[in-house]
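Contents: one structure, followed by commentary.
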Amino acid sequence: MLKQSPTKKEIDHLLTRGVSLVEKEADLRRLLVEGNKGEPLRVKLGVDPTHYDLTIGHAVLFRKLRQFQRMGHKTVVVIGDWTARLGDPSGRMEARKVLTAEQVKSNAATYLDQFFRIVDKDQTEVRYQTEWFDTFNLGDAIKLLGFKTVAQMLERDDFSKRYKSGIEISLSEFMYPLLQGYDSVALRSDVEIGGTDQTFNLLVGRDLQPIFGQTAQQILTMNLIVGLDGVKKMGKSLDNYIAMGAPAKDMFGKLMSLPDQTMRSYFEALTEIDTEELDEFDRKMTEGSLNPRDVKLRMAREIVTEFHNLAAAEEGQEAFIRQFSERKLPTDIPDFQLGSAKNVVDLIVEAGLAASNNKARELIKQGGVALFPEGASGNSERITDPNYTVDVIDGAILKVGKRNYLRIKA
RNA sequence: GGGCAGUUACCAAAGUGGACAAAUGGGACUGACUGUAAAUCAGUUGCGAAAGCUUCGAAGGUUCGAAUCCUCCACUGCCCA
């Protein structure tokens, strides 16, 4: 059901919060109110079923879909099972290897499982590319290629960059945006959302639909949040991500380690705090009456609440303050069974806290290893000798590096 | 089809017969500082306790000795057809 006349504020929120680009904003505003001839809008999101561990970066899009749903619009999620079977033609990208039908199926299931933690299932239509591409033939494919020119393809940022700097571009890569664009035709989508990196692909859908006698979809691209380094896009390949399913404490800690200047975009992308209040935070931090740390604590709390719940967020905050502000040991230290006295280096490697003996020795030499013989309540002694033998002291705690601990069990 | 250039550690990029486990930068890690950060400073960053061993696209070869020279193969880019 289409929600009766959303307010201007709601629409503004939908179209600006975390949003990079809205194509034909006036048209979209009208559609949001009227629907497509009174029907809920079909809001499309394309999914590459190669990922299974979703990050909170993906959630940014999911949350936007939910905002659409709250106005009564429909989510159409397309599982790119057909293109996933193609893999990456250049074989460069690890993430794009050829997948079997089985893998695709299980990846998609995992994806949707996480997806529906945010997006309402009842207002969602799940579709698979193979539904229409399995019957596609060579003629159809070439016809599709004919709708675009090489110059047009090179408008895409990453194509043009690669072309200019002499990095290979496989011809089949030109096919991907077209296939993705055709998905919009097959699904009669009214709106498509994606990250800013998808702008070109979304526009292709917009170009193709009129050719097939449909109204061109509106497109809305979202700013991608940066990863833990504060600079690069959050992603698995860069290992700078926070998993959607990360435990609350973990998520809290990672959020707190974000550089200050990323806070605003995280607030906008992942919380519902009013823009006015965010402006207020910025103003007070600039004039120095508000400690950025406290703002960040608020941010972490809000976001963890989104993915878990308030209680978990508060617990996360307590654990964080305890471990990092007060520099006490964390409460949840994993146990390590120690049968008999053992050399520290061996112990660290066995526990998986260093990749090799050399690395473990390195940590020791650099003063990164400490032992708390009496457990959390006692004092610590720094271990500086790689030949040190760790005795079997039940309850003793070993600290390795900044944040790895283990509790010795007899 | 022809010509030219290239392939070095996590990434980028020096090295062009010995002093090369390989400069430098980025990243990562550790310590100091701090607000948890950032910035800054110091250190580490193939494996091995060490002797030593394995690494410079792959395989062979020349040489006392090769990332460096030769042969061949693979891959990539550019130019000409």
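Order of the sequence lines fixes the chain letters, A, B, ..., with proteins taken first and strands second; residue numbering starts at 1 for each chain. Here the structure is a predicted model, which is why all the values come from computation and not from measurement.
- Between A/Ser356 and B/G48, a side-chain N or O to OP1/OP2 separation shorter than 4.0 Å is present.
- Comparing A/Gln261 and A/Lys359 against RNA chain B, the residue whose closest nucleotide sits nearer the 5' end is A/Gln261.
- Atom name P, nucleotides B/G1 and B/U55: the rounded distance is 35 Å, in whole Å.
- Across the strands present, B/A19 finds no partner; the criterion is a Watson-Crick or G-U wobble pair with both atom distances under 3.5 angstrom.
- Counting distance only, with no hydrogens placed and no angle test, the side-chain atoms of A/Asn358 and the base atoms of B/G46 include no donor-acceptor pair under 3.5 Å.
- The residue A/Ile321 sits apart from the nucleic acid: no heavy atom pair falls under 4.0 Å.
- Out of B/G35, B/A49, B/U45, the shortest distance to the side chain of A/Arg361 is found at B/A49.
- Salt bridge absent: A/Glu362 and A/Lys365 never bring a charged side-chain N and a carboxylate O closer than 4.0 Å.
- Taking the C1' atom of each, B/U54 and B/C70 are spaced 24 Å apart, rounded to whole Å.
- Rounded to a whole Å, the CG atom of A/Leu353 is 20 Å from the P atom of B/A28.
- With hydrogens and angles ignored, no donor-acceptor pair closer than 3.5 Å exists between the side chain of A/Gln366 and the base of B/G31.
- For B/U76 and B/G26, the P atoms lie 32 Å apart once the distance is rounded to whole Å.
- To the nearest angstrom, P of B/U44 lies 19 Å from CD1 of A/Ile348.
- Below 30°, between 30° and 60°, or above 60°: for A/Phe133 and A/Tyr182 the angle between ring planes is between 30° and 60°, a tilted geometry.
- If you check every strand for non-hydrogen atoms under 4.0 Å, A/Asp294 touches nothing.
- One atom, CE of A/Met263, and another, P of B/A38, lie 13 Å apart when rounded to the nearest Å.
- Among the atoms of the strands shown, base atoms are found under 4.0 Å from some heavy atom of A/Lys296.
- Between A/Arg298 and A/Glu277 a salt bridge is recorded (basic side-chain N to carboxylate O distance below 4.0 Å).
- A/Arg382 comes within contact range of the sugar-phosphate backbone alone, with a heavy-atom separation under 4.0 Å but no base atom that close.
- B/U40 is paired with B/A32 under the criterion used here, namely a Watson-Crick or G-U wobble arrangement in which both key atom distances are under 3.5 Å.
- Comparing A/Asn404 and A/Leu297 by the nucleotide of RNA chain B whose heavy atom lies nearest to each, the residue mapping closer to the 5' end is A/Asn404.
- Neither OP1 nor OP2 of B/A37 sits under 4.0 Å from any side-chain N or O of A/Ser257.
- B/G35 atom C1' lies 19 Å from atom CZ of A/Arg322, rounded to whole Å.
- Shown are A/Asn223, A/Thr275, A/Asp12; of these, the side chain to side chain donor-acceptor pair (under 3.5 Å) with A/Arg17 is made only by A/Thr275.
- Rounded to whole Å, the P atom of B/G52 lies 14 Å from the corresponding atom of B/A22.
- When the P atom is compared between B/C73 and B/C78, the two are found 23 Å apart, to the nearest whole Å.
- For B/U30, the OP1/OP2 oxygens have a side-chain nitrogen or oxygen of A/Lys402 closer than 4.0 Å.
- Across the strands present, B/C10 finds its partner in B/G26; the criterion is a Watson-Crick or G-U wobble pair with both atom distances under 3.5 angstrom.
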Hey, mind stepping through A/Gln69 and A/Asp120 against side-chain hydrogen bond (donor to acceptor under 3.5 Å, both in side chains) and telling me if it holds?
CA-CA 8 Å; A/Gln69 288 185 331; A/Asp120 177 26; 5.3 Å; no
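- Atom P of B/A28 sits at a distance of 16 Å from the matching atom of B/C10, rounded to the whole Å.
- A/Ile364 has its CD1 atom 14 Å from the C1' atom of B/C29, to the nearest Å.
- The distance from atom CZ of A/Arg264 to atom C1' of B/A37 is 20 Å, rounded to the nearest whole Å.
- Among the atoms of the strands shown, none is found under 4.0 Å from any heavy atom of A/Pro386.
- B/C56 and B/C69: their C1' atoms are spaced 16 Å apart (whole Å).
- Look at the C1' atom in both B/U24 and B/U45: the space between them is 15 Å, to the nearest Å.
- As the counterpart of B/G60, B/C70 is assigned, both hydrogen-bonding distances of the Watson-Crick or G-U wobble pattern falling under 3.5 Å.
- Only one option out of A/Asn291, A/Thr262, A/Asp260 pairs with A/Lys296 in a side chain to side chain donor-acceptor pair (under 3.5 Å); it is A/Asp260.
- In the set B/A37, B/G48, B/U45, B/G48 carries the atom at the smallest distance from any side-chain atom of A/Asn357.
- Between A/Glu362 atom CD and B/U44 atom C1' the separation is 5 Å, expressed in whole Å.
- Salt bridge status for A/Lys254 with A/Asp250: present, with a side-chain N to carboxylate O gap under 4.0 Å.
- In this structure, A/Phe147 has its ring center no closer than 6.0 Å to that of A/Phe174.
- Summarising the base pairing, B/U76 is matched to B/A5 through a Watson-Crick or G-U wobble pair whose two defining distances lie under 3.5 Å.
- Using N1 to N3 plus N6-O4 or O6-N4 for Watson-Crick, or N1-O2 and O6-N3 for G-U wobble, each under 3.5 Å, B/C47 pairs with B/G52.
- As a whole-Å value, the separation of A/Leu228 CG from B/A38 C1' is 14 Å.
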